[in-house]
Enquirer: 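Before I ask anything, here is the structure I am working with.
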2 protein chains.
Amino acid sequence: MTKHNEGPRWLNDEERRTWLAYLHASTLLEDHLDRQLQRDARMPHVYYGLLVHLSQAPRRTMRMTELARNAKITRSRLSHAVARLEKSGWVRREDCPSDKRGQNAILTDEGMEVLRRAAPGHVAAVRQAIFDRLTPEQQKSLGEIMQIIAEGLQPAEAGADLPWLR
Amino acid sequence: MTKHNEGPRWLNDEERRTWLAYLHASTLLEDHLDRQLQRDARMPHVYYGLLVHLSQAPRRTMRMTELARNAKITRSRLSHAVARLEKSGWVRREDCPSDKRGQNAILTDEGMEVLRRAAPGHVAAVRQAIFDRLTPEQQKSLGEIMQIIAEGLQPAEAGADLPWLR
DNA sequence: GCCATTTCGTTCAAGTTTCAAGAAGTTCTT
DNA sequence: AAGAACTTCTTGAAACTTGAACGAAATGGC
């Protein structure tokens with residue numbers, strides 16, 4: 001006699017502790033970085049991330065949708081965010097030549113400069129919160145684990161299972 | 001001749017990958033849980049967390065400040081949140097008898113019921129995103145790592161280093 | 001007792017995010 | 001080539017968050 005389908009599988013004690021620790025760490029960290037950047041660069045962490053993405057793109061330019069996908073935010077959210085960043089002068093837009101629906105977001109020189117000034121403090125905060133506290137093995141482990149979790153939540157990139165198409 | 005104080009210590013490739021993976025995983029996960037709970041229980045993840053905390057407190061009752069501290073959110077945010085949860089009927093307030101400034105937040109029966117109904121789906125989502133994908137060693141590792149990070153960001157609990165005072 | 005300081009919780013205003021809807025352009029189908 | 005279906009991006013309103021300022025109550029000298 002096997003048990004049928006019993007109710008939900010609750011977390012056991014250890015799992016609960018792990019999950020709680022994750023929740024605490026992630027909220028505290030996001031909070032910490034948000035404050036740090038708000039104080040030093042007058043923008044929230046997400047916006048900073050957008051500038052970073054743009055700074056690494058060729059010509060510091062990226063299509064809105066791609067930027068949204070890379071930064072893991074909705075297109076709507078990005079629209080508002082870029083509007084704000086545009087008002088601050090860190091980013092400007094231009095129409096995409098090849099697709100008239102499209103917009104390119106472009107990191108301005110001023111935006112690049114803001115990034116340059118904010119980056120050291122931000123990196124220091126990240127280092128201090130994470131890398132300075134973990135052994136090399138733990139760092140490696142963290143990377144692998146987060147990779148796995150992210151993959152599980154990723155809506156499966158187009159063609160990801162057809163590598164020869166990439 | 002030792003190098004003086006050279007500029008900021010940037011992240012190396014591996015560190016960068018790890019940090020990126022963390023960022024992606026954590027945003028995707030928070031997003032995922034937010035949507036799941038918004039859909040199934042009509043409240044954001046943070047609010048659900050408040051109900052959970054209350055449900056575990058004696059008499060399902062907690063002082064506002066303590067709840068805020070446990071849930072890692074500001075008192076201001078909690079004020080708004082409880083106001084909303086009160087409007088929904090999941091939580092009610094009462095004056096604290098011993099301290100006339102104080103308020104107790106109390107999980108109502110209705111709130112408890114909502115929690116009961118939402119919990120299985122939520123746990124399933126967490127399990128599916130995390131525990132189902134990690135080996136036991138990875139789970140253990142994750143717990144330890146997050147514990148360390150959280151401790152580093154915790155504003156050092158009062159009396160934490162004076163355990164006999166607790 | 002009295003005054004300075006701290007704590008508790010709320011409120012306001014400003015900023016951010018979400019959701020639903022929609023305008024404009026592209027692609028697919030026949 | 002027309003129309004349906006889809007993609008790109010924006011918009012507006014509602015929900016949520018933040019930080020500062022605030023009133024009320026408690027606390028700690030002195």
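Computed from a predicted structure; not experimentally measured. Naming convention: chains lettered A, B, ... in sequence-line order (proteins, then strands); numbering from 1 in each chain.
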Enquirer: I want to confirm an ordering. Mapping A:Gln38 and A:Leu78 to their closest nucleotides on DNA chain D, which one lands closer to the 5' end?
Expert: A:Leu78
Enquirer: Could you give the NZ-to-C1' distance, from A:Lys100 to C:dT27, as a whole number of Å?
Expert: 16 Å
Enquirer: Just the rounded figure in Å: distance from C1' of C:dA24 to CD of A:Gln103.
Expert: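 Rounded to whole Å, this separation is 12 Å.
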Enquirer: Distance-only check: which donor-acceptor pairs under 3.5 Å involve side-chain atoms of residues 54-68 of chain B, not counting sequence neighbours?
Expert:
residue: B:Ser55; atom: OG; partner: B:Val52; partner atom: O; Å: 2.7
residue: B:Arg60; atom: NH1; partner: B:Asp109; partner atom: OD1; Å: 3.1
residue: B:Thr61; atom: OG1; partner: B:Arg59; partner atom: O; Å: 2.7

Enquirer: Measure the distance from CE on A:Met62 to P on D:dT8 and round it to the nearest whole Å.
Expert: 15 Å
Enquirer: Only counting residues at least two apart or in another chain, list the ones meeting salt bridge (Lys or Arg N to Asp or Glu O under 4.0 Å) with B:Arg117.
Expert: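 Salt bridge (Lys or Arg N to Asp or Glu O under 4.0 Å) list for B:Arg117, sorted by chain: B:Glu113.
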Enquirer: For C:dC8, take OP1 and OP2 only and decide whether either is under 4.0 Å from a side-chain N or O of B:Arg75.
Expert: no
Enquirer: Specify the separation, in whole Å, of atom CZ of A:Arg77 and atom P of D:dA14.
Expert: 21 Å
Enquirer: On DNA chain C, nearest-nucleotide positions of B:Arg63 versus A:Arg84: which is more 5'?
Expert: B:Arg63
Enquirer: Does A:Arg133 come within less than 4.0 Å of B:Glu151, counting only side-chain N to carboxylate O?
Expert: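 Looking at B:Glu151 together with A:Arg133, the answer is no, because their closest N to O distance does not fall below 4.0 Å.
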Enquirer: Do A:Glu110 and A:Thr108 have a side chain donor and acceptor closer than 3.5 Å?
Expert: no
Enquirer: Within the 4.0 Å heavy-atom criterion, would you say B:Asp99 contacts the bases, only the backbone, or no part of the nucleic acid?
Expert: sugar-phosphate
Enquirer: Among D:dC9, C:dG9, C:dT18, which is the nearest nucleotide to the side chain of A:Thr65?
Expert: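 Among D:dC9, C:dG9, C:dT18, the one nearest the side chain of A:Thr65 is D:dC9.
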Enquirer: Using the closest heavy atom to pick a nucleotide of DNA chain D for each, name whichever of A:Asp34 or A:Met64 lands nearer the 5' end.
Expert: A:Met64
Enquirer: Do the side-chain N and O atoms of B:Ser141 and A:Ser141 include a donor-acceptor pair separated by under 3.5 angstrom?
Expert: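 Result is yes, a qualifying pair exists.
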Enquirer: With heavy atoms under 4.0 Å as the rule, sort B:Arg35 into base, sugar-phosphate or nothing.
Expert: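 Sugar-phosphate, backbone atoms only, no base.
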Enquirer: Expressed in angstrom and rounded to an integer, what is the separation of B:Met43 atom CE from D:dC16 atom P?
Expert: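 Nearest whole value for this atom pair: 11 Å.
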Enquirer: Quick one: A:Ile73 CD1 to C:dT17 P, roughly how many Å, whole number?
Expert: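 That distance rounds to 8 Å.
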Enquirer: If I take atom CG in residue B:Leu37 and atom P in nucleotide D:dC16, what distance separates them, rounded to the nearest angstrom?
Expert: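 After rounding, the reported distance stands at 13 Å.
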Enquirer: Per the atom types in the model, does the base of C:dG15 pair as donor or acceptor with the side chain of A:His80 at under 3.5 Å?
Expert: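 In this structure, the two groups form no donor-acceptor pair.
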Enquirer: Look at the side chain of B:Arg101 and the base of C:dT7, then say whether one donor and one acceptor between them are separated by less than 3.5 Å.
Expert: yes
Enquirer: From CD of A:Glu30 over to C1' of D:dT17, roughly how many Å is that when rounded to an integer?
Expert: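 Distance check: A:Glu30 CD to D:dT17 C1' gives 13 Å.
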Enquirer: Is there, by distance only and without an angle test, a donor paired with an acceptor across the side chain of B:Ser76 and the base of C:dT11 below 3.5 Å?
Expert: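 Donor-acceptor pair under 3.5 Å: yes.
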